[in-house]
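All remarks here apply to the structure that follows.
Quick note on labels: first sequence line is chain A, next is B, and so on, each numbered from 1. Quantities reported herein were computed from a predicted structural model and do not represent experimental measurements.
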Amino acid sequence: MRSLENLLAASKWASALSAEDLQRTRTAVVIRELQPGVYACRKGDPSNFWFGVIDGLLKAESLSETGKAVTFATLPSNSWFGEGSILKGEARKYDVIALRDSRVALMPAATFFWLLDTNIPFNRFILTQLNERLGQFMGAFEHDRLDEPEARVAHTIADMLHPQLYPNREGRIEISHEELGHLVGASRQRVNQALHALEKSGLIKVAYRVITVLDIEGLRTFGV
DNA sequence: TCATTAAATTGTT
DNA sequence: AACAATTTAATGA
């Protein structure tokens, strides 16, 4: 299992802090273990923390009134999330749920704002994070309208390995076809077929609950 | 370690 | 949506 130190070592903003400030940050952070299906936070909760994923995989989703799940993003190790609601001082807008055994770091809002007030690299990190996420969602919006299901699956998988938002990831994604379906906005069956088509094209390799990316560039440019 | 069973996931229609 | 097949995890000999 990875530790808080692993997460901090992989986070650009943390390596820019003085030893003193990093220590202050470290002591303010709380660690929480989440079993599959457990909520990191729920829609409507007050935004008291900024979240960092130490290990595991989470999803940010919204549930429609009829119970249909729409997943907006998956959050792998080394990613940080929740800055949007904290900055706006508003309640959480989405549910965040562990997809498998996970460990998250909770940075109190007070620490978050202290870093924001005193540290330029931290500001740059947040700015870049918001900008990259905006670009990713705009891309998803565009793909949703233009792409065939195969291409949507391809682009979604490529997005999960986004270098800026999710640094230092292996090309190995542990997720079920059903969860991928929630993320892509397609049925489990359709995802299943698309994955096999992509495997035949030599872009990925599929195994039980595991997708291995062989050609990320090929996935990005699939169907465009 | 191996066999059995239940649960989760995948393949197919 | 339904059903069969496969993989994994858990249990106990």
Taking atom [atom2] of [N] as reference, at what distance in whole Å does atom [atom1] of [X] sit?
X: A:Lys205; N: B:dT10; atom1: NZ; atom2: C1'; value: 16 Å
X: A:Arg188; N: C:dA1; atom1: CZ; atom2: P; value: 10 Å
X: A:Ile175; N: C:dT7; atom1: CD1; atom2: C1'; value: 18 Å
X: A:His196; N: B:dT9; atom1: NE2; atom2: C1'; value: 12 Å
X: A:Arg190; N: B:dT12; atom1: CZ; atom2: C1'; value: 14 Å
X: A:Gln35; N: C:dA9; atom1: CD; atom2: C1'; value: 15 Å
X: A:Arg100; N: B:dT9; atom1: CZ; atom2: C1'; value: 15 Å
X: A:Glu174; N: C:dT7; atom1: CD; atom2: P; value: 16 Å

- Query: Which nucleotide in the set B:dG11, B:dT10, B:dT13 lies at the smallest distance from any side-chain heavy atom of A:Gln189?
  - Reply: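 Among B:dG11, B:dT10, B:dT13, the one nearest the side chain of A:Gln189 is B:dT13.
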- Let me know which of A:Ile216, A:Val153, A:Leu198 forms a side chain to side chain contact (heavy atoms under 4.5 Å, CB included) with A:Ile204.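 Among A:Ile216, A:Val153, A:Leu198, the one meeting side chain to side chain contact (heavy atoms under 4.5 Å, CB included) with A:Ile204 is A:Leu198.
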- Message: Which residue in the set A:Glu33, A:Arg103, A:Glu5, A:Arg32 passes side chain to side chain contact (heavy atoms under 4.5 Å, CB included) when paired with A:Ile54?
- Response: A:Arg103
- Do any side-chain nitrogens or oxygens of A:His177 fall under 4.0 Å of OP1 or OP2 in B:dG11? yes
- Query: Looking only at side-chain N and O atoms, does A:Asn192 come under 4.0 Å of OP1 or OP2 in B:dT10?
  - Reply: no
- Task: Without swapping roles, check the side chain of A:Arg220 against the backbone of A:Ala154 for a donor-acceptor pair under 3.5 Å.
- Result: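 It does not hold such a pair.
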- Query: Pick the nucleotide of DNA chain B nearest each of A:Ala207 and A:Gln193; which residue has the one closer to the 5' end?
  - Reply: A:Ala207
- Query: Does the side chain of A:His155 come under 3.5 Å of the side chain of A:Asp159 through a donor N or O and an acceptor N or O?
  - Reply: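 No, no side-chain donor-acceptor pair sits under 3.5 Å.
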